[in-house]
Number of protein chains: 2
Amino acid sequence: MTADNRADHRPASPPLTERQEARRRRILNASAQLAARGGFDAVQMREVAEAAGVALGTLYRYFPSKIHLLVATMQDQLQHLHTTLRKRPPAGADPSERVAETLMRTFRALQREPQLADAMVRALTFADRSVSPEVDTVSRLTTAIILDAMGTEHPTPEQLSAVRVIEHTWHSALITWLSGRASIAQVKIDIETVCRLIDLTAPETGDRRA
Amino acid sequence: MTADNRADHRPASPPLTERQEARRRRILNASAQLAARGGFDAVQMREVAEAAGVALGTLYRYFPSKIHLLVATMQDQLQHLHTTLRKRPPAGADPSERVAETLMRTFRALQREPQLADAMVRALTFADRSVSPEVDTVSRLTTAIILDAMGTEHPTPEQLSAVRVIEHTWHSALITWLSGRASIAQVKIDIETVCRLIDLTAPETGDRRA
DNA sequence: ATCAAGTCTGTAACTTGTTCTAGATTAGCG
DNA sequence: CGCTAATCTAGAACAAGTTACAGACTTGAT
């Protein structure tokens with residue numbers, strides 16, 4: 001539905017052999033598993049390599065840094081999530097309700113593996129320019145999830161800005177929760193607050209207040 | 001004006017001697033200077049120690065980690081900024097305009113030292129629980145700046161949520177700009193978009209569109 | 001002025017991300 | 001099959017954050 005679903009997270013340049021695909025998968029699984037145990041710090045490259053049954057050099061050939069690895073892990077998890085969400089779309093009447101519902105549902109999913117969430121989100125916000133393409137992919141996936149929830153086919157630039165702001169809020173709120181500086185209730189309120197922007201920027205009702 | 005201005009960023013427990021205060025200052029300056037040159041990576045603890053004329057162990061006694069150091073550096077810079085902003089308050093008519101203006105002014109200030117901004121913001125979002133108190137101080141400072149711009153004396157819970165969302169957007173937008181994934185124009189649009197929430201949550205005008 | 005407690009210095013060691021290298025394996029091809 | 005290039009492995013080596021420690025210096029109280 002997002003136009004191109006091929007190579008959504010692969011470099012795609014040289015098609016991987018079966019064994020390589022399997023290695024990649026083992027690495028990603030090992031990463032997620034270690035992260036789920038002990039968060040960002042527990043994802044140690046030597047351990048990932050060992051758990052995946054792969055030499056350190058190979059790990060680095062597949063993922064050029066720990067940040068790349070964790071961002072790829074996030075891509076992977078998001079992909080799952082997106083699929084799941086498609087199967088049971090949010091039920092709210094307004095777009096803003098549906099988006100808030102979707103995000104809170106996602107949030108509850110992350111709550112189940114807070115350490116994994118920690119590792120992925122920290123990597124995402126810590127990523128520097130060298131990881132831009134990968135981070136961008138994650139961002140596009142998130143945008144797709146939100147637009148899906150809105151049910152908007154052709155968003156206006158204004159709406160896209162609202163979606164970006166929602167994403168900003170989403171990431172940042174997640175971080176404050178993960179680092180223990182905000183409660184779940186507060187995150188919920190903030191998500192609902194920012195989702196109001198969707199009504200505000202709906203094109204049908206004119207610019208705003210018609 | 002924020003109720004307590006003493007010990008705004010000091011552990012405050014044992015009052016520092018003059019020489020200690022000076023050491024602390026040298027360290028903070030060295031940190032900012034190195035950061036301004038090469039960003040996060042250029043702030044190397046050994047170099048900071050040397051530049052500040054202090055032993056490595058001493059540096060760690062003052063700031064228990066690189067993240068602590070950079071978050072403290074951010075506190076320091078924010079304090080300056082807050083003072084500057086107080087002298088020349090924003091001129092807009094609406095609270096939302098004034099907040100957007102203030103944030104964009106801050107943004108332009110950061111643009112002048114993008115590497116320093118990079119180091120500080122990356123540290124801030126990368127900080128884990130052990131840095132919560134310090135990060136919280138930064139957050140309170142930011143909140144104070146925004147509330148100042150709004151000119152609101154007694155914000156409602158709704159307004160506080162809006163302010164939090166603005167802060168989320170601010171940090172996250174800054175990151176996307178610093179990592180080259182968003183243009184300045186886009187940041188401006190997003191800031192202006194999120195600032196609309198302020199009008200939306202103004203108590204006087206009733207719920208909205210009064 | 002002197003003593004005890006707390007700080008600071010210089011330096012080495014340890015940890016974990018990252019890079020490098022030499023030799024073994026594998027994949028694709030004639 | 002037999003060759004060549006690419007890939008993989010094992011392990012050493014290096015970089016920067018962090019910790020540890022012995023000895024010198026300061027501070028504050030007597």
Side-chain angles (χ1 to χ4, degrees), chain A residues 10-11 13-28 30-31 34-35 37-73 119-120 122-123 126-131 134, chain B residues 10-11 13-28 30-31 34-35 37-73 118-119 122-123 126-131 134:
Chain A
R10 254 61 56 81
S13 321
L16 301 183
T17 72
E18 205 160 323
R19 302 186 60 189
Q20 288 177 320
E21 198 62 66
R23 264 189 214 107
R24 196 189 133 87
R25 191 106 296 291
R26 285 204 308 278
I27 293 173
L28 248 18
S31 165
L34 286 171
R37 280 207 191 295
F40 188 89
D41 292 337
V43 181
Q44 300 189 358
M45 299 304 267
R46 291 176 231 270
E47 292 213 21
V48 173
E50 189 181 3
V54 128
L56 191 55
T58 306
L59 172 52
Y60 273 96
R61 170 185 281 272
Y62 281 74
F63 302 96
S65 77
K66 174 170 174 173
I67 300 291
H68 282 85
L69 171 58
L70 283 171
V71 171
T73 304
M120 297 189 306
R122 298 259 293 286
F126 191 64
D128 67 0
R129 298 180 112 85
S130 73
V131 204
E134 288 79 3
Chain B
R10 254 63 54 80
S13 321
L16 301 182
T17 72
E18 204 159 324
R19 303 185 60 188
Q20 289 176 319
E21 199 62 65
R23 264 188 214 108
R24 196 189 134 87
R25 193 106 294 289
R26 286 204 309 277
I27 293 174
L28 248 17
S31 165
L34 286 170
R37 280 207 191 296
F40 188 89
D41 292 336
V43 181
Q44 301 188 356
M45 299 305 267
R46 295 183 228 283
E47 292 213 21
V48 173
E50 188 181 4
V54 126
L56 191 54
T58 306
L59 172 51
Y60 273 96
R61 170 186 281 274
Y62 281 73
F63 302 97
S65 78
K66 175 170 173 171
I67 300 292
H68 281 85
L69 171 58
L70 283 171
V71 171
T73 304
D118 172 76
R122 296 260 293 286
F126 191 64
D128 66 0
R129 298 181 112 83
S130 72
V131 203
E134 288 80 3

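Only this structure's heavy atoms are used, side chains among them; waters, hydrogens and symmetry mates stay out. Nothing here was measured: the structure is a model prediction, and the numbers come from that model. Per chain, numbering begins at 1; letters A, B, ... match sequence-line order.
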**B/Gln20 (side chain) donor-acceptor with B/Thr17 (main chain) under 3.5 angstrom** =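 Judged by distance alone, yes, a pair lies under 3.5 Å.
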**Asked** Side chain of B/Thr73, backbone of B/Leu69: donor and acceptor closer than 3.5 Å?
**Response**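 Flag set: sc B/Thr73 to bb B/Leu69 pair under 3.5 Å.
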**Message:** Before you tell me yes or no, could you show the steps for A/Val131 and A/Glu134 under side chain to side chain contact (heavy atoms under 4.5 Å, CB included), namely the whole-Å CA-CA distance, both residues' side-chain angles and the distance that decides it to 0.1 Å?
**Reply:** CA-CA 6 Å; A/Val131 204; A/Glu134 288 79 3; 4.0 Å; yes
Rounded distance in Å - [atom1] ([X]) to [atom2] ([N]):
{"X": "A/Glu18", "N": "D/dT7", "atom1": "CD", "atom2": "P", "answer": "18 Å"}
{"X": "B/Glu50", "N": "C/dC8", "atom1": "CD", "atom2": "P", "answer": "19 Å"}
{"X": "A/Arg61", "N": "D/dA5", "atom1": "CZ", "atom2": "P", "answer": "16 Å"}
{"X": "A/Arg24", "N": "D/dT7", "atom1": "CZ", "atom2": "P", "answer": "16 Å"}
{"X": "B/Arg23", "N": "C/dT9", "atom1": "CZ", "atom2": "C1'", "answer": "10 Å"}

**Asked** Does A/Tyr62 make a side-chain N or O approach to OP1 or OP2 of D/dT7 shorter than 4.0 Å?
**Response**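 The answer is no; no side-chain N or O of A/Tyr62 sits under 4.0 Å from OP1 or OP2.
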**Prompt:** Can you check whether A/Gln20 has a side-chain N or O nearer than 4.0 Å to OP1 or OP2 of D/dC8?
**Reply:**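 So the side chain of A/Gln20 is within the cut-off, an N or O lying under 4.0 Å from OP1 or OP2 of D/dC8.
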**Item:** With sequence neighbours excluded, residues passing ring-ring contact (aromatic ring centres under 6.0 Å, His included) with B/Phe40
**Value:**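 In terms of ring-ring contact (aromatic ring centres under 6.0 Å, His included), with neighbours along the sequence ignored, B/Phe40 is linked to A/Phe126.
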**Prompt:** At their closest point, which heavy atom of B/Leu34 faces which heavy atom of B/Val43, and how far apart are they?
**Reply:**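 The answer is C-CG2, 4.2 Å.
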**Request:** Look at all strands and tell whether A/Phe63 reaches a base, only sugar-phosphate, or nothing, counting heavy atoms closer than 4.0 Å.
**Result:**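 No contact.
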**Prompt:** How does protein contact run along nucleotides 16-30 of chain D, one letter per nucleotide 5' to 3', with B for base contact, S for sugar-phosphate only, - for none, heavy atoms under 4.0 Å?
**Reply:** BBBB------SS---
**Message:** Distance check, rounded to the nearest 0.5 Å: A/Gln44 atom CD versus A/Ser31 atom OG?
**Reply:**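 Spacing of CD (A/Gln44) from OG (A/Ser31) equals 12.5 Å.
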